[in-house]
Amino acid sequence: LVIELVDARIPLSSRNPDIDELGKNKYRLILMNKADLADKERTREWSAFFKEKGFFVVSLDARSKSGMKSITDIVMEACKEKIERDRKRGIKNRPVRAMVVGIPNVGKSTFINSYAGKACAKTGNKPGVTKGKQWIRLNKSVELLDTPGVLWPKFEDPVVGEHLAFTGAVRDEILDIEGLSYRLLELLQDLYPEAVNTRYKTDIRPEEELKGHEILERIGRKRGMLISGGEIDTERAAVNVLDEYRGGKLGRITLEPVGRPLK
Ligand code: G4P
């Protein structure tokens, strides 16, 4: 079984579509992770979308241990056919082997820690037998590979790169923070027109059709972020906007609605 993590806020950009080819002969469970930061309704729509493709889907906050119990049930459900086939061939109690994959920062390690919890009794951990990868026996039914598979995002598409940057999946040192904040603010105006007003009390009216830099200036002014001479400290405002978006302070926001092409 392949357990593929995607970021529920950007279910398109946080996937590498090659996994569909690589994992085509395996059962698939898609975990829509960071669902605590995403729009519930959008997450429901995305879950339906992935189910339609024949995948099993769970939305999740990997940091919380509470959702983990149900994962094993779904793993068993996803591999039901195989378990049944084994049973018919007289093979009993052969555990399902699962591997976690996903792009960097999507929450793979967090998930493995939450899911494996204390059940870290590794199988085959005799000296000389295992070097590197190890199977963690979770219970009598499931074994999990302790090292996640890292998938590379599809950076060739600049919009994908941008969406990964909005959510913090890409290191900020390599980014133009101000430019990025403009584009995030424009996208928010489009998808969640009240989010900025609610957070920053900016009183922006839709008919003003403000550009990203103008929205950022409004925010900087409201927050009193000034440099000498009374000018707005747009760099500080940009860092603040990105931090607050990533921390969920602008609300639960999904940047990629189902059925809408990236733009
Ligand atoms: P990775 O192995 O796929 O690279 O990701 P990792 O588990 O390291 O998780 C990346 C960051 O995402 C971590 O934050 C982790 O706490 C956070 N995270 C994972 N799952 C969830 C989730 O379901 N909801 C939320 N809100 N956060 C989640 P971190 O270590 O604190 O890094 P940073 O936030 O300081 O960048």
Side-chain angles (χ1 to χ4, degrees), residues 1-19 22-23 28-44 46-47 50 56-71 74 98-120 132-134 136 138 144-155 160-175 177 180-181 184 192 195 199 238-256:
L1 173 85
V2 173
I3 301 179
E4 180 195 1
L5 268 76
V6 305
D7 185 324
R9 296 167 297 174
I10 49 167
L12 283 175
S13 299
S14 61
R15 292 192 79 213
N16 181 326
D18 293 345
I19 189 63
L22 292 167
R28 182 94 56 89
L29 170 57
I30 292 193
L31 299 182
M32 307 230 355
N33 195 37
K34 309 200 183 185
D36 54 300
L37 297 170
D39 182 329
K40 277 188 186 161
E41 187 50 36
R42 296 282 100 82
T43 300
R44 260 196 294 275
W46 276 110
S47 296
F50 288 127
F56 287 77
V57 187
V58 174
S59 62
L60 191 74
D61 173 352
R63 296 166 312 166
S64 135
K65 309 262 185 297
S66 62
M68 296 298 149
K69 275 210 187 79
S70 63
I71 303 274
I74 291 161
M99 162 174 203
V100 174
V101 303
I103 64 163
N105 260 314
V106 73
K108 297 179 297 299
S109 316
T110 309
F111 170 72
I112 291 175
N113 284 335
S114 294
Y115 188 38
K118 291 202 190 78
C120 277
K133 295 190 184 64
Q134 301 202 31
I136 309 169
L138 296 183
L144 188 71
L145 195 61
D146 68 354
T147 322
V150 180
L151 300 173
W152 209 237
K154 285 268 167 190
F155 275 124
V160 168
E162 220 166 75
H163 286 195
L164 291 164
F166 292 154
T167 56
V170 181
R171 273 187 310 140
D172 276 346
E173 298 94 87
I174 54 170
L175 301 168
I177 297 295
L180 198 65
S181 75
L184 176 62
Y192 296 89
R199 178 71 191 166
V239 170
N240 185 271
V241 164
L242 287 165
D243 272 358
E244 299 207 342
Y245 168 70
R246 291 169 186 166
K249 301 219 168 69
L250 279 94
R252 299 177 61 147
I253 288 174
T254 300
L255 296 174
E256 297 173 355

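All ligand and atom numbering here is 1-based and tracks the order in the structure. Sequential numbering from 1 along the given sequence is applied to the chain's residues.
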Novice: Could I get the full list of salt bridge (Lys or Arg N to Asp or Glu O under 4.0 Å) partners for Arg15, not counting sequence neighbours?
Specialist: Glu4, Asp20
Novice: For a quick test of your reading: what N or O donor-acceptor pairs under 3.5 Å do the side chains of residues 246-254 make, sequence neighbours left out?
Specialist:
from: Arg246; atom 1: NE; to: Phe166; atom 2: O; distance (Å): 3.1
from: Arg246; atom 1: NH1; to: Asp172; atom 2: OD1; distance (Å): 3.4
from: Arg246; atom 1: NH1; to: Asp172; atom 2: OD2; distance (Å): 2.9
from: Arg246; atom 1: NH2; to: Ala165; atom 2: O; distance (Å): 2.7
from: Arg246; atom 1: NH2; to: Asp172; atom 2: OD1; distance (Å): 3.1
from: Arg252; atom 1: NE; to: Ala38; atom 2: O; distance (Å): 2.8
from: Arg252; atom 1: NH2; to: Ala35; atom 2: O; distance (Å): 2.8
from: Arg252; atom 1: NH2; to: Ala38; atom 2: O; distance (Å): 3.3
from: Thr254; atom 1: OG1; to: Asp39; atom 2: N; distance (Å): 3.0

Novice: Let me know which protein residues bring a heavy atom to under 4.0 Å of ligand 1; chain then number is fine for ordering.
Specialist: Asn33, Lys34, Asp36, Leu37, Leu60, Asp61, Ala62, Arg63, Ile103, Pro104, Asn105, Val106, Gly107, Lys108, Ser109, Thr110
Novice: Any salt bridge (charged side-chain N to carboxylate O under 4.0 Å, His left out) involving residues 29-38? Give me the pairs, sequence neighbours left out, ordered by first then second residue.
Specialist: Asp36-Arg63
Novice: Only one of Asp61, Ile3, Asn33 forms a side-chain contact (heavy atoms from CB on, under 4.5 Å) with Phe111, so which one is it?
Specialist: Ile3
Novice: Can you tell me how far the CZ atom of Phe155 sits from the CG atom of Asn16, to the nearest 0.5 Å?
Specialist: 11.0 Å
Novice: Taking atom CG of Asp7 and atom CG of Leu12, what is their separation to the nearest 0.5 Å?
Specialist: 11.5 Å
